[in-house]
Amino acid sequence: MINRPRIFTLDDAPQAVLNQHGFAGQDILSVNQFTPDSLAYIFDVAEEMRAMVERKGGDDLLRGRVLTCLFYEPSTRTSSSFIAAMERLGGSVIPITQGVQFSSVSKGETLHDTIRTLEQYSDVIVLRHPETGSARIAAAAAEIPVINAGDGTGEHPTQALLDLFTIKEELGRLDGIHVAMVGDLRYGRTVHSLTQLLLNYDVRFSFVSPEILRLPLDYMNQVRDAGKEVRETYNVADIIESADVLYVTRVQKERFTDLSQYEQVKDFYRITPELMERAKATAVIMHPLPRVSEIDVRVDSDPRAAYFRQVKNGMYIRMALLAAVLGKA
Ligand code: ASP
């Protein structure tokens, strides 16, 4: 019998580096698990998934497999794209995406017990949770793969993968580009994850935010330690002419303890058609969504607006990841 520790902490949590042939049975918890080779591999599989969906809508690669989607925080895109990904591959889903307050969690069940229970029914668990580090704790408790779908202000690795995939699809390259991250760089976990992934490539960074929403120092230090050229500014106009990617994010209202601070910064920046007149013809505008007011809806008809294409890429990336961790890619 396996002698398991009864209480799992971050120190118990596994975080294997993934290589092209090593995805089966692994957890996906952090972007730090990926190497340029494993990224290229997942992108190739995602391309195959796109071609397959465009040709015939779906197939039965994961028939008989069950995914549990366990979401302790609201989500529209991430939960529905995992569900669509699993169903297009012929698998089934236990969706706990609206109802954590109706489940045993509201009776006081621990994350550990919830995970140990749900893994009895399923082959893979996708978890979103408000606490940073929770996905790693869940992974330590579970025998089956756990995929982190966002843990507090920590990471959102599958979003970062789809963001990187989108940059590659839109620009045709990942090297020699200028990426401007705009908005809530302090609380935006998608910014934290994508910044780390981009360190694998020859990228110049601009971080555009009001003072109180600057990128946390440990991420900034990682960028500097990687020898990347980096600029910080609060003015989008400073970078609009040279950016290849404008990665725009909403101000994360739910993370503020003092709502008067949120009120001060919520309308700090706005991408408009007038501003986009000064951007490169080849620039790409991205957003992890949901959008509040930071991109004017008139920008949606600009061919450079990639945020809805980005959503679709999320499904292909998640199909690739599910197939890979279930040993079918
Ligand atoms: N959907 C993304 C996330 O879950 C971005 C956001 O909520 O602003 O982090």
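Counting starts at 1 for both ligands and their atoms, in listed order. If you read the sequence from its start, that first residue is 1, and numbering goes on from there.
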Original post:
Are the side chain of Asp184 and the backbone of Tyr187 linked by a donor-acceptor contact shorter than 3.5 Å?
Top reply: yes
**OP:** Identify, by atom number and element, the atoms of ligand 1 in contact range of Arg128, meaning under 4.0 Å from any of its heavy atoms.
**Re:** 4 (O)
Subject >> Donor on one side chain, acceptor on other, Asp37 and Thr35, under 3.5 Å >> reply: no
Original post:
Are any of the N or O atoms of Gln252 closer than 3.5 Å to those of ligand 1?
Top reply: yes
Original post:
Looking at Gln159, Glu73, Arg128, which hits side chain to side chain donor-acceptor pair (under 3.5 Å) with Thr78?
Top reply: Arg128
Original post:
With only distance considered, is Glu254 within less than 3.5 Å of ligand 1 through an N or O on each side?
Top reply: no
Original post:
Quick check: does any side chain N or O of Asn200 sit under 3.5 Å from a backbone N or O of Leu197, one acting as donor and the other as acceptor?
Top reply: yes
Original post:
ligand 1 and Leu289, any nitrogen or oxygen pair closer than 3.5 angstrom?
Top reply: yes
Original post:
Which heavy atom in Asp151 sits nearest to a heavy atom in Gly133, and how many Å separate them?
Top reply: OD2-N, 2.7 Å
**OP:** Just need the protein heavy atom nearest to atom 9 (O) of ligand 1, so name the residue and atom and give the distance.
**Re:** Arg189 NE, 2.9 Å
Original post:
Just checking, any donor-acceptor pair under 3.5 angstrom between side chains of Ser242 and His178?
Top reply: yes
Original post:
CG of Leu70 to OG1 of Thr97: how many Å apart, nearest 0.5 Å?
Top reply: 10.0 Å
**OP:** Report, in ascending order of atom number, the atoms of ligand 1 lying under 4.0 Å from any heavy atom of Thr190.
**Re:** 2 (C), 9 (O)
Original post:
Quick one: does Pro290 get a heavy atom under 4.0 Å from ligand 1?
Top reply: yes
**OP:** Please say whether Arg250 places an N or O atom under 3.5 Å from an N or O atom belonging to ligand 1.
**Re:** yes
**OP:** Could you list which atoms of ligand 1 come closer than 4.0 Å to a heavy atom of His156?
**Re:** 3 (C), 4 (O), 9 (O)
